[in-house]
Peer 1: 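Questions regarding the structure given below will be posed in turn.
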Amino acid sequence: MKCNLKKAAAIFAAAAILLAGCSKESSSSSEESTSSSSSSQSVSLTAAEANDRIKDSDIHLIQFEEPKVGDTIATILTSEGEIKIRFFPEQAPKAVENFVTHSKNGYYNGLTFHRVICDFMIQGGDPKGDSTGGESIWGEPFKDEFSTDLWHFRGALAMANSGADTNGSQFYIVQASGLAEQYPEEMANGNVPQKVIDKYQEVGGAPWLDGRYTIFGQVIEGMDVIDIIANVPVNNKYKPAEDVIIEMITISTYTEEDKAASEGENSAASKETT
């Protein structure tokens, strides 16, 4: 599916700015500080991680593992279709608790995906619908949670914020299906493990956001719906011309029946491709 915006690094850089200033009507200075990093800086590991260089053998791409029986699953019913997401509570416990509790309480019901940038991400979870609203279940921002097990691959669910440790209710899902040609070299220069670089080249994503925003989930069904949302007409602030609504989010537990159904679908898909 083709996007209605050009696939260019300049668009990606501008898009990164748009993730800032989400939880407060704070000054533009916080947006500027968030967007001031060069692309090579934004695809590097943190200083602590770089000092203790991560080996490929230490990397576990858990975002692409099959859900396990007992895992918590969110089903997001939107005006464009259904999206299913699994969570990573061991790596991002606060973010998962926040999203799951808000969902169970109906906080997100009726809200919109208020910021949509094709070949980048779709963003929602703001009661004001203008990137300035929303709060956490604790009534105050909570700290970022980073893990070298989680990366901004296509389908990643992450917290939007207005700077370090300012997480509230807003979230985004990475929709980018490709990778600009300069990023593999920049990631390698930034000490990103080769296994991660290879996966980005395979599935696409937004590596310049790594180490800046908390990843806490991964889409397991409904990327086609996310692509549809990413392609809706938007205005010059990337707000959809017609509202894309989060009608309801249901929280459930992954069951043996779900596992059997998934295995059956995977088997059928495998037969079709052979």
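The figures that follow rest on heavy atoms only: side chains count, while hydrogens, waters and symmetry mates do not. For this chain, numbers begin at 1 and follow the sequence in order.
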Peer 1: Once you round to the nearest 0.5 Å, how far does OG1 of Thr148 lie from CD of Gln91?
Peer 2: 9.0 Å
Peer 1: Looking at Met248, I'd like to know if its CE atom is crowded, meaning that more than 12 non-hydrogen atoms belonging to other residues, nucleotides or ligands lie closer than 6.0 Å.
Peer 2: no
Peer 1: Under 4.5 Å side-chain heavy-atom separation, chaining through any Ile, Leu, Val, Met, Phe, Trp or Tyr, what else clusters with Ile220? Say none if it is isolated.
Peer 2: Ile73, Tyr254
Peer 1: Any idea which heavy atoms bring Tyr200 and Pro207 closest together, and the distance?
Peer 2: OH-CA, 3.5 Å
Peer 1: Indicate, with yes or no, if Ile251 and Val96 share a hydrophobic cluster defined by side-chain heavy-atom contacts under 4.5 Å among Ile, Leu, Val, Met, Phe, Trp and Tyr.
Peer 2: yes
Peer 1: To the closest 0.5 Å, what do you measure between OG (Ser162) and CG (Asn167)?
Peer 2: 8.5 Å
Peer 1: Examine distances only and state if a side-chain atom of His114 and a backbone atom of Pro127 form a donor-acceptor pair shorter than 3.5 Å.
Peer 2: no
Peer 1: Can you tell me if Asp258 uses its side chain to pair, donor with acceptor, with the backbone of Thr255 under 3.5 Å?
Peer 2: yes
Peer 1: Please say yes or no: joined through hydrophobic side-chain contacts below 4.5 Å, possibly via intermediate residues, are Ile83 and Val232 part of one cluster?
Peer 2: yes
Peer 1: Would you confirm whether the ring centroid of Trp208 sits within less than 6.0 angstrom of the ring centroid of Phe120?
Peer 2: yes
Peer 1: Taking Ser79 for its side chain and Ile245 for its backbone only, find out whether a donor-acceptor pair lies under 3.5 Å.
Peer 2: yes
Peer 1: Give, for atom CG of Leu157 and atom CD of Gln63, the distance between the pair rounded to the nearest 0.5 Å.
Peer 2: 10.0 Å
Peer 1: Between Asp126 and Lys128, what is the shortest heavy-atom contact and its length?
Peer 2: OD1-N, 2.9 Å
Peer 1: Using modelled atom types and a 3.5 Å cut-off, is there a donor and acceptor pairing between side-chain atoms of Lys84 and backbone atoms of Ala74?
Peer 2: no
Peer 1: I'd like to know whether CD of Glu247 has more than 12 heavy-atom contacts from other residues, nucleotides or ligands below 6.0 angstrom.
Peer 2: yes
Peer 1: Determine whether a donor-acceptor pair (N or O, by modelled atom type, separation under 3.5 Å) exists between the side chain of Asn231 and the backbone of Ile228.
Peer 2: no
Peer 1: What heavy-atom pair brings Ile215 and Ala92 nearest, and what distance separates the two atoms?
Peer 2: O-CB, 3.7 Å
Peer 1: My understanding is that only one of Phe216, Phe87, Tyr108 makes a ring pair (Phe, Tyr, Trp, His ring centres under 6.0 Å) with Phe171; could you say which?
Peer 2: Tyr108
Peer 1: Mind checking whether Phe146 and Phe88 sit in one hydrophobic cluster, side chains of I, L, V, M, F, W, Y counted as touching below 4.5 Å?
Peer 2: no
Peer 1: Taking all heavy atoms of Tyr172 and all of Met121, pick out the closest pair and write down the distance.
Peer 2: CB-SD, 3.7 Å
Peer 1: My understanding is that only one of Leu111, Thr78, Thr75, Ile76 makes a side chain to side chain contact (heavy atoms under 4.5 Å, CB included) with Ile249; could you say which?
Peer 2: Ile76
Peer 1: Quick one, Ile137 and Glu97 - any side-chain contact, counting heavy atoms below 4.5 Å?
Peer 2: yes
Peer 1: For the residue pair Pro89 and Thr72, establish whether any side-chain heavy-atom pair is separated by less than 4.5 Å.
Peer 2: no
Peer 1: Using the ring of each side chain (for Trp, its six-membered ring), is Phe142 parallel, tilted or perpendicular to Trp138, with breaks at 30° and 60°?
Peer 2: perpendicular
Peer 1: For His152, is there any backbone N or O sitting under 3.5 Å from a side-chain donor or acceptor partner on Asp210?
Peer 2: yes
Peer 1: Could you tell me whether the side chain of Lys239 and the main chain of Val116 form a donor-acceptor pair under 3.5 Å?
Peer 2: no
Peer 1: Got a donor-acceptor contact below 3.5 angstrom from the Asn98 side chain to the Gly168 backbone?
Peer 2: yes
Peer 1: Does anything in residues 143-162 pair up under salt bridge (charged side-chain N to carboxylate O under 4.0 Å, His left out), and if so which pairs, sequence neighbours excluded?
Peer 2: Arg154-Asp227
Peer 1: Return yes when atom NZ of Lys259 has more than 12 non-hydrogen atoms of other residues, nucleotides or ligands closer than 6.0 Å, and no otherwise.
Peer 2: no
Peer 1: Tell me whether the count of non-hydrogen atoms from other residues, nucleotides or ligands lying under 6.0 Å of CD in Glu181 goes above 12.
Peer 2: no
Peer 1: Is a side-chain N or O of Gln170 found less than 3.5 angstrom from the main chain of Ala160, in a donor-acceptor match?
Peer 2: no
Peer 1: Determine whether the side chains of Glu65 and His60 contain a donor N or O and an acceptor N or O closer than 3.5 Å.
Peer 2: no
Peer 1: What I'd like to find out is whether the side chain of Asp130 reaches to under 4.5 Å of the side chain of Lys237, using heavy atoms alone.
Peer 2: no
Peer 1: Would you say Arg115 and Ser131 are linked by a side-chain donor-acceptor pair, where the criterion is simply a distance under 3.5 Å?
Peer 2: yes
Peer 1: Lys199: which residues meet the side-chain hydrogen bond (donor to acceptor under 3.5 Å, both in side chains) condition with it, sequence neighbours left out?
Peer 2: Glu202
Peer 1: As a quick check of understanding, evaluate side-chain contact (heavy atoms from CB on, under 4.5 Å) for Ile85 and Gln218, giving each step before the final call.
Peer 2: CA-CA 5 Å; Ile85 291 173; Gln218 182 74 23; 5.8 Å; no
Peer 1: To the nearest 0.5 Å, what is the distance between CD on Glu66 and NZ on Lys68?
Peer 2: 9.5 Å
Peer 1: Out of curiosity, Lys94 NZ to Thr214 OG1, how far, rounded to the nearest 0.5 Å?
Peer 2: 12.0 Å
Peer 1: If two hydrophobic side chains count as joined below 4.5 Å and joins carry through other members, does Val225 share a cluster with Leu77?
Peer 2: no
Peer 1: Do you reckon Ile59 sits in the same ILVMFWY cluster as Leu150, going by side-chain contacts under 4.5 Å, direct or chained?
Peer 2: no
Peer 1: Nearest heavy-atom pair of Gly134 and Ser169: which atoms, and what distance?
Peer 2: CA-OG, 3.2 Å
Peer 1: Atom CD in Gln123, atom CD in Gln175: separation rounded to 0.5 Å?
Peer 2: 14.0 Å
